[in-house]
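Quick note on labels: first sequence line is chain A, next is B, and so on, each numbered from 1. Worth knowing before you read on, the calculation uses all heavy atoms, side chains too, and leaves out hydrogens, waters and symmetry mates. Predicted model only: the values in this text are computed from it and were never measured.
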Amino acid sequence: MKRASKRITKERVHKICGILNQTYSTEYKCYLNYETPWQLLFATILSAQCTDERVNQVTEKLFVKYPTLEAFAHADLKEMEQDIYSTGFYKNKAKNLILCAGQLLERHQGQVPDRLEDLVQLAGVGRKTANVIRGNIFHEPSIVVDTHVKRISRLLYLTKNEDPVKIEQDLMKVLPREQWILYNIQIITHGRSICIARRPKCGECPLQTVCPSCEV
DNA sequence: CTCCCGATAT
DNA sequence: ATATCAGGAG
């Protein structure tokens, strides 16, 4: 097959978005299960270096056992470590959940803040988690650079950077604003099903004609 | 930069 | 055995 151009042209970007929208869902629905904003925040904190499927298994029980921010804030550390054990990094995550719950109650009246500066001040919340909240809860156009977005955006030559902040800026320049949140959700779907980190299934990839890294 | 860290696929 | 999974903090 003819190698796709590495240039970031409007035509190639438009094609990429078109294929993604045609292939994957155009719903603003993430894969983490939650009922309230703070539950999405906590689920996202737990999702660091862990599959969202496992996070959902853990949070299903966790949000029943600890139904409120107050319950989290007053939880026993060792007990919560066991409750979230299988998500990995369980000591850090348990400590952060308890701390974060207290911070939400003290600083924000139990509400999840919408500003990036406030979100990243919370325990266990970095730029990626903050952008997930801004996109999914407050519907603020935002680019979420997770492991899939980083890997696949580089394969597509939409960025040459390694730094998540620079990748975020590159993608904001290139992608239409209304596509920002969708791009993230669709790329995750794509990264789990087709463009798998270990062994990308280029033969089954709908982006063959626009991906410079295509191995077909 | 290092450390945190279990579960799964290959 | 090793890479990878919706990263964040010191």
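- In the displayed structure, Gln111(A) atom CD is contacted under 6.0 Å by at most 12 heavy atoms of other residues, nucleotides or ligands.
- Note that Arg192(A) lies in the cation-pi zone of Tyr31(A), set by a 6.0 Å cut-off to the ring centre and a 45° limit from the axis.
- If you check dA7(B), dC5(C), dG8(C) against the side chain of Ser86(A), the one that comes closest is dA7(B).
- Protein atom CD1 of Ile196(A) is 11 Å distant from nucleotide atom P of dA6(C), rounded to whole Å.
- Put simply, Thr44(A) has no side-chain N or O that comes within less than 4.0 Å of OP1 or OP2 on dG7(C).
- Comparing dT4(C), dC4(B), dA6(C) against the side chain of Asn92(A) picks out dC4(B) as the nearest.
- Under the rule for a ring-ring contact (aromatic ring centres under 6.0 Å, His included), the partners of Tyr24(A) that lie at least two apart in sequence or sit in another chain are His190(A).
- Distance noted for atom C1' between dA3(C) and dC5(B): 14 Å (whole Å).
- The CD1 atom of Ile45(A) sits 20 Å away from the P atom of dC5(C) (whole-angstrom rounding).
- If you take CG of Asn131(A) and P of dG7(C), they are 13 Å apart, rounded to a whole angstrom.
- Across the protein-nucleic acid pair, Leu32(A) atom CG and dC5(C) atom P stand 15 Å apart, rounded to whole Å.
- Base engagement by Tyr31(A) is indicated by at least one non-hydrogen atom pair under 4.0 Å involving a base atom.
- Looking only at side-chain heavy atoms (C-beta outward), Tyr34(A) and Phe42(A) stay at 4.5 Å or farther from each other.
- In this structure, the CZ atom of Arg192(A) is 17 Å from the P atom of dT4(C), given to the nearest Å.
- The shortest side-chain heavy-atom distance between Pro176(A) and Cys17(A) falls under the 4.5 Å cut-off.
- Note on Gly126(A): only backbone sugar-phosphate atoms sit closer than 4.0 angstrom, heavy atoms only; bases stay farther off.
- Here the separation of dT10(B) from dA6(C), taken at their P atoms, is 14 Å to the nearest Å.
- Within 4.0 Å of Leu122(A), counting heavy atoms only, lie sugar-phosphate atoms of the nucleic acid but no base atom.
- The ring of Phe89(A) lies on top of the base of dC4(B), close enough and flat enough: under 5.5 Å between centres, under 30° between planes.
- Within the nucleic acid shown, Thr147(A) comes within 4.0 Å of sugar-phosphate atoms alone, with no base atom in reach, counting heavy atoms only.
- Taking atom CD on Glu81(A) and atom C1' on dG6(B), their separation rounds to 14 Å, with Å as the unit.
- Per the geometry, CD belonging to Gln57(A) stands 13 Å off P belonging to dA6(C), to the nearest Å.
- Ring-plane geometry between Trp38(A) and Phe72(A) is classed as perpendicular, the angle between the planes exceeding 60 degrees on a 0 to 90 degree scale with a lower cut at 30.
- Distance check on atom P: dA9(C) versus dA7(B) gives 24 Å, rounded to whole Å.
- Nucleic acid contact for Thr87(A): none, since no nucleic acid atom lies under 4.0 Å from a heavy atom of the residue.
- Here the separation of dT4(C) from dC4(B), taken at their C1' atoms, is 16 Å to the nearest Å.
- In this model, no side-chain donor or acceptor of Arg198(A) finds a partner on the base of dT8(B) within 3.5 Å.
- Between Arg54(A) and dG6(B) there is no side-chain polar atom (N or O) within less than 4.0 angstrom of OP1 or OP2.
- Put simply, the side chain of Trp180(A) reaches to within 4.5 Å of the side chain of Met172(A), judged on heavy atoms.
- Residue Asn96(A) is classed as having no contact, given no heavy-atom separation below 4.0 Å to the nucleic acid.
- Atom C1' of nucleotide dC5(B) and atom CD of Gln82(A) are separated by 13 Å, given to the nearest angstrom.
- Annotation: dG8(C) and dT8(B) have their P atoms spaced 23 Å apart (nearest Å).
- At the heavy-atom level, Tyr90(A) lies under 4.0 Å from the strands shown only through sugar-phosphate atoms.
- The residue Val125(A) sits close only to the backbone: its heavy atoms come under 4.0 Å of sugar-phosphate atoms, none of a base.
- Residue whose closest nucleotide on DNA chain C sits further toward the 5' end, between Ile188(A) and Gly124(A): Ile188(A).
- Across all strands shown, Arg199(A) has no heavy atoms under 4.0 Å from either base or sugar-phosphate atoms.
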